[in-house]
Amino acid sequence: MKKKNVLLVVCHDLGRHLNCYGAKSVHSPNLDRMAAEGVLFENNFCTSPGCSPSRASIMTGRFPHSNGVFGLAHRDFLWRFSDGEKHITRILSENGYQTGVVGHWHENNTLEGLGYQEAVVRKGDLLVLTDEMPDMSNLYALDVAEQAGFYLEQKAHGEKPFFLYAGFFEPHRPYDFGGVGPDREHGVDIPAYIPQETEEEKAAADEEFAALQGGIRVMDEAVGRIMKKLEELGLKEETLVLFTCDHGLAMPRAKCTLYDPGIETPLILCGGGESWVAQPGTRHDCLVSNVDYVPTILEALNIPVPENIQGRSLYPLMSGGVYQEADEIFAEKTYHRNYDPIRCIRTKTHKYIINFELNTLYDTPSDIMQGAIFRTSVGKYMDLRSRYELYDLQNDPWEQNNLAEEPEHAALRAELHGRLVTWMKETGDALLNGPVRSIYYEKVMEVL
């Protein structure tokens with residue numbers, strides 16, 4: 001019997017800023033509908049708050065320090081998968097799948113060798129399939145939806161099942177990408193970690209979050225168009241659909257940090273029939289990581305899961321089987337724009353962070369620095385950080401009160417420290433052997 005198809009949709013810099021995750025001013029009817037018809041994971045996290053490392057985990061089921069993508073893959077950053085790493089598209093290609101990509105991808109410094117067989121590009125007024133793997137970065141969301149629809153039409157009823165990766169640039173900054181305007185139709189929902197103590201700060205937050213909501217709105221519309229095409233082609237029950245993003249919102253104290261606003265991501269699964277979604281509308285609150293996606297997909301397709309996969313399959317949860325919840329998730333950062341090695345362990349009740357180098361409180365990407373929120377509150381982000389951080393997430397969900405040096409929390413800190421270091425050892429974290437050299441540094445040394 002022909003295996004199920006797979007559609008993986010990944011957007012940029014979204015966090016969980018969707019209506020179905022509680023941001024009620026956000027216009028996201030299509031994703032809300034997917035959640036109502038499928039399964040939503042309330043405590044899904046990424047392995048890294050940077051684009052390429054997180055996406056590398058999505059596509060390999062392995063942590064960034066294990067798959068080799070310690071930082072950004074584009075331009076001169078040039079991080080890439082270590083030799084021998086297997087992208088999910090290569091695994092599926094080896095198991096008889098047609099594999100395609102449309103839109104924004106960012107997990108390696110080249111698409112070559114990852115396992116994608118085809119991409120959709122525009123030639124004149126026509127959309128065509130090509131195996132040349134062109135650069136498709138930063139396409140407008142509705143263009144990506146059109147390309148995805150064309151791919152689905154071409155592969156709808158072929159002899160082989162397909163895997164399609166559809167990547168959206170939105171809602172990455174600048175939020176007016178593609179001419180999109182701000183969205184205040186239902187007000188503006190602003191998280192509590194964003195400064196709003198002065199009128200200037202309130203105005204800055206309103207400006208940026210309204211613009212963000214505009215980007216989310218058009219991304220949601222694009223997702224809706226892809227899902228509509230699946231239904232029109234009669235593919236909905238035959239296709240496992242996963243929607244997620246790479247990391248948290250591109251806001252100060254979120255993206256590029258290991259606080260929850262930096263590592264929280266959505267995970268909505270739908271389609272695929274009863275074997276994929278046993279109970280539509282289910283919401284799970286167990287701790288989930290994006291290293292769990294690959295084993296989940298492979299188990300659902302009855303394809304052997306490689307022994308080096310570091311995630312845990314969620315398929316038993318999806319299909320109504322027995323599932324043992326994880327006690328913790330781990331996240332890491334080594335590079336983004338610069339070297340900033342951090343590791344953390346998060347349980348349902350606490351977060352413990354180790355900062356391996358001195359830096360400001362929150363490393364802030366340059367695009368966020370240009371925004372109104374950072375400019376009006378810059379003094380709140382410039383102090384030096386502590387070496388260790390411990391937070392009580394039940395009483396301090398926005399991680400404002402560092403308990404690491406409090407004597408009454410010494411035993412808990414020691415326990416979490418030990419569990420974090422054990423994870424680093426078991427997964428072969430290169431940071432334990434000294435500072436991690438960047439690819440840029442290696443290129444300079446080649447010249448010297």
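Ring centroids of Phe177 and Phe169 are separated by less than 6.0 Å, placing the two rings close together. Aromatic ring centres of Tyr259 and Tyr362: separated by under 6.0 Å.
The side-chain heavy atoms of Val294 and Arg62, taken from C-beta on, include no pair separated by under 4.5 Å. At least one side-chain heavy atom of Phe168 sits under 4.5 Å from a side-chain heavy atom of Val223. The side-chain heavy atoms of Glu325 and Leu287, taken from C-beta on, include no pair separated by under 4.5 Å. Within the 4.5 Å cutoff, no side-chain heavy atoms of Tyr116 are placed close to those of Trp105. In this structure, Glu118 and Tyr151 have side chains that are in contact, with non-hydrogen atoms separated by less than 4.5 Å. Side-chain contact between Ile439 and Phe70: absent, with no pair of heavy atoms (C-beta onward) separated by less than 4.5 Å. Looking only at side-chain heavy atoms (C-beta outward), Leu14 and Tyr21 stay at 4.5 Å or farther from each other. Between Val121 and Leu127 the shortest side-chain heavy-atom distance does not fall below 4.5 Å.
Every side-chain contact (heavy atoms from CB on, under 4.5 Å) that Pro295 has, sequence neighbours left out, goes to Val305, Ile309, Ser313. Among residues two or more places apart in sequence or in another chain, the salt bridge (Lys or Arg N to Asp or Glu O under 4.0 Å) test is passed with Arg173 by Glu208. Residues forming a side-chain contact (heavy atoms from CB on, under 4.5 Å) with Ser93 (at least two apart in sequence, or on another chain): Thr99, Gln117. In this structure, the side-chain contact (heavy atoms from CB on, under 4.5 Å) partners of Asn338, at least two apart in sequence or on a different chain, are Asp340, Asp363. Residues that satisfy the side-chain contact (heavy atoms from CB on, under 4.5 Å) test with Val277, not counting sequence neighbours, are Val39, Pro280, Met318.
Between Leu7 atom CG and Leu235 atom CG the span is 10.0 Å, to the nearest 0.5 Å. Here the straight-line distance linking atom CG of Leu258 with atom CD1 of Ile342 works out to 5.0 Å at 0.5 Å rounding. In this structure, CG in Asp285 is found 12.5 Å from CG in Asn44, a value given to the nearest 0.5 Å. Between the NE2 atom of His65 and the OG1 atom of Thr427 there is a distance of 2.5 Å, given to the nearest 0.5 Å. Atom OG1 of residue Thr265 and atom NE2 of residue His247 lie 10.0 Å apart, to the nearest 0.5 angstrom. The distance from the CZ atom of Arg55 to the OG1 atom of Thr244 is 9.5 Å, given to the nearest 0.5 Å.
Under the side-chain hydrogen bond (donor to acceptor under 3.5 Å, both in side chains) criterion, no residue pair touches residues 438-448, with sequence neighbours excluded. Sorted by first and then second residue, the salt bridge (charged side-chain N to carboxylate O under 4.0 Å, His left out) pairs involving residues 34-44 (not counting sequence neighbours) are Glu37-Lys236, Glu42-Arg283. Note on residues 102-112: no pairs pass salt bridge (charged side-chain N to carboxylate O under 4.0 Å, His left out), not counting sequence neighbours. A salt bridge (charged side-chain N to carboxylate O under 4.0 Å, His left out) check over residues 18-32, counting only residues at least two apart or in different chains, returns nothing. Sequence neighbours left out, the pairs with a member in residues 264-305 that pass ring-ring contact (aromatic ring centres under 6.0 Å, His included) are Phe41-His284. Counting only residues at least two apart or in different chains, salt bridge (charged side-chain N to carboxylate O under 4.0 Å, His left out) contacts with residues 121-130 comprise Arg122-Glu146.
The heavy-atom pair separating Ala300 from Leu240 by the smallest distance is CB-CD1, 3.9 Å. The shortest heavy-atom contact between Pro252 and Ile373 is CG-CG2, 3.8 Å. Among all heavy-atom pairs drawn from Ala250 and Asp13, the shortest one is CB-OD2, 3.3 Å. Minimum heavy-atom separation, Leu298 to Pro304: CD1-O, 4.0 Å. Considering all non-hydrogen atoms of both residues, Asn95 and Ile91 come closest at ND2-O, 2.8 Å.
Looking at Ser57, its side chain never comes within 3.5 Å of a backbone N or O of Val291 through a donor-acceptor pair. Remark: the backbone N or O of Glu328 is not paired with any side-chain donor or acceptor of Thr347 at under 3.5 angstrom. In terms of modelled atom types and a separation under 3.5 Å, the side chain of His104 and the main chain of Val10 share no donor-acceptor contact. Under the 3.5 Å distance criterion, the side-chain polar atoms of Thr296 are matched with a main-chain donor or acceptor of Leu314. Using a distance-only test at 3.5 Å, with no hydrogens or angles considered, no donor-acceptor pair links the side chain of Asn109 to the main chain of Arg80. Here the side chain of Lys333 pairs a donor or acceptor atom with the backbone of Cys256 at under 3.5 angstrom.
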For residues 428-435, run the donor-acceptor check on the side chains, cut-off 3.5 Å, and write out each pair with its distance to 0.1 Å, sequence neighbours left out.
| from | atom 1 | to | atom 2 | distance (Å) |
| --- | --- | --- | --- | --- |
| Asp429 | OD1 | Arg343 | NH2 | 3.2 |
| Asp429 | OD1 | Leu431 | N | 3.0 |
| Asp429 | OD2 | Arg343 | NE | 2.6 |
| Asp429 | OD2 | Arg343 | NH2 | 3.4 |

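The residues Glu221 and Arg225 are annotated as salt-bridged, a charged nitrogen and a carboxylate oxygen being separated by less than 4.0 angstrom. Between Lys229 and Glu232 there is a salt bridge, since a side-chain N of the basic residue sits under 4.0 Å from a carboxylate O of the acidic one.
The aromatic rings of Trp398 and Tyr193 are tilted relative to each other, their planes meeting at an angle between 30° and 60°. Ring planes of Phe63 and Trp423: perpendicular class, angle over 60° (limits at 30 and 60°).
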How far apart are the C-alpha atoms of Glu399 and Arg346, what are their side-chain angles, what is the distance that settles it, and do they pass the salt bridge (charged side-chain N to carboxylate O under 4.0 Å, His left out) test?
CA-CA 12 Å; Glu399 299 157 282; Arg346 189 202 192 279; over 6 Å; no

With side chain to side chain donor-acceptor pair (under 3.5 Å) as the test, would you mind laying out the steps for Asp246 and His12 before giving the verdict?
CA-CA 6 Å; Asp246 46 10; His12 230 321; 2.8 Å; yes

What do the steps show when you test Cys245 against Cys11 for side chain to side chain contact (heavy atoms under 4.5 Å, CB included), and what is the final call?
CA-CA 5 Å; Cys245 79; Cys11 73; 3.6 Å; yes

Evaluate Asn5 against Phe163 for side chain to side chain contact (heavy atoms under 4.5 Å, CB included), listing each step before the verdict.
CA-CA 6 Å; Asn5 308 308; Phe163 170 91; over 6 Å; no

Walk me through whether Leu420 and Phe330 qualify under side chain to side chain contact (heavy atoms under 4.5 Å, CB included).
CA-CA 8 Å; Leu420 179 56; Phe330 298 94; 3.9 Å; yes

Before giving the answer on side chain to side chain contact (heavy atoms under 4.5 Å, CB included), spell out for Asn30 and Met227 the whole-Å C-alpha distance, their side-chain angles and the decisive distance to 0.1 Å.
CA-CA 8 Å; Asn30 295 294; Met227 294 303 297; over 6 Å; no

